[in-house]
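Report on one structure; see the data block that follows.
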Amino acid sequence: MARVHSSTRLAETLSWYCSLFLVVMLVMSCCESFSSENESMVIHVQTYDNGARPCDEIYVVREGETLHTISEKCGDPYIVEENPHIHDPDDVFPGLVIKITPFKKM
């Protein structure tokens, strides 16, 4: 049998540990992306007010709606302030996702 140099054995050991480290990192990244996908799923909770119609916390703008009509419908007068991704209140289009926080009178 041929004798293996200690430097070759060291390189093989290092290679093994690097491979193990990469596998662990890959598994952790898969788990992280899976958990972030689960966290990004939003449970739509409907709020009911005496005079207002219910709206979900996450609202998707429909055809013909404006921020004003959505504000009246959902009882949220601060839609623009709560949604920093809306730069121009007149530039609202179908499919735009906005956060709704109904205003509660005390």
Could you give the distance from NZ (Lys99) to CD1 (Ile79), rounded to the nearest 0.5 Å? 12.0 Å
To the nearest 0.5 Å, how far apart are SG in Cys74 and CD1 in Ile98?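 One gets 7.0 Å once the value is rounded to the nearest 0.5 Å.
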For the pair Asp90 and Thr66, evaluate side-chain contact (heavy atoms from CB on, under 4.5 Å) and give the outcome as yes or no after the intermediate values. CA-CA 8 Å; Asp90 296 326; Thr66 64; over 6 Å; no
Shortest non-hydrogen contact from [X] toward [Y]:
X: Glu63; Y: Pro94; result: OE1-CG, 3.3 Å
X: Gly95; Y: Val60; result: CA-CG1, 3.7 Å
X: Glu72; Y: His68; result: OE2-NE2, 2.8 Å

Would you please name every residue forming a side chain to side chain donor-acceptor pair (under 3.5 Å) with Ser71, sequence neighbours left out? none
Under the 3.5 angstrom rule, does the side chain of [X] hit a backbone N or O of [Y] as a donor-acceptor pair?
X: Asp76; Y: Tyr78; result: yes
X: Thr13; Y: Arg9; result: yes
X: Ser19; Y: Ser15; result: yes

Honestly curious: do Phe93 and Val61 fall in one hydrophobic cluster under the side-chain, below-4.5 Å linking rule? yes
I'd like to know whether CD of Glu81 has more than 12 heavy-atom contacts from other residues, nucleotides or ligands below 6.0 angstrom.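 Enclosed.
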Decide side chain to side chain donor-acceptor pair (under 3.5 Å) for Tyr17 and Glu12; before the verdict, give the C-alpha distance in whole Å, the side-chain angles of both, and the deciding distance to 0.1 Å. CA-CA 9 Å; Tyr17 282 119; Glu12 288 176 352; over 6 Å; no
Ile100 pairs by side chain to side chain contact (heavy atoms under 4.5 Å, CB included) with which of Ile70, Asp56, Asn83, Ile58?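 For Ile100, the side chain to side chain contact (heavy atoms under 4.5 Å, CB included) check succeeds only for Ile70.
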CA sep, side-chain torsions, deciding dist, call: Asp91, His87, side-chain contact (heavy atoms from CB on, under 4.5 Å): CA-CA 8 Å; Asp91 188 26; His87 301 291; over 6 Å; no
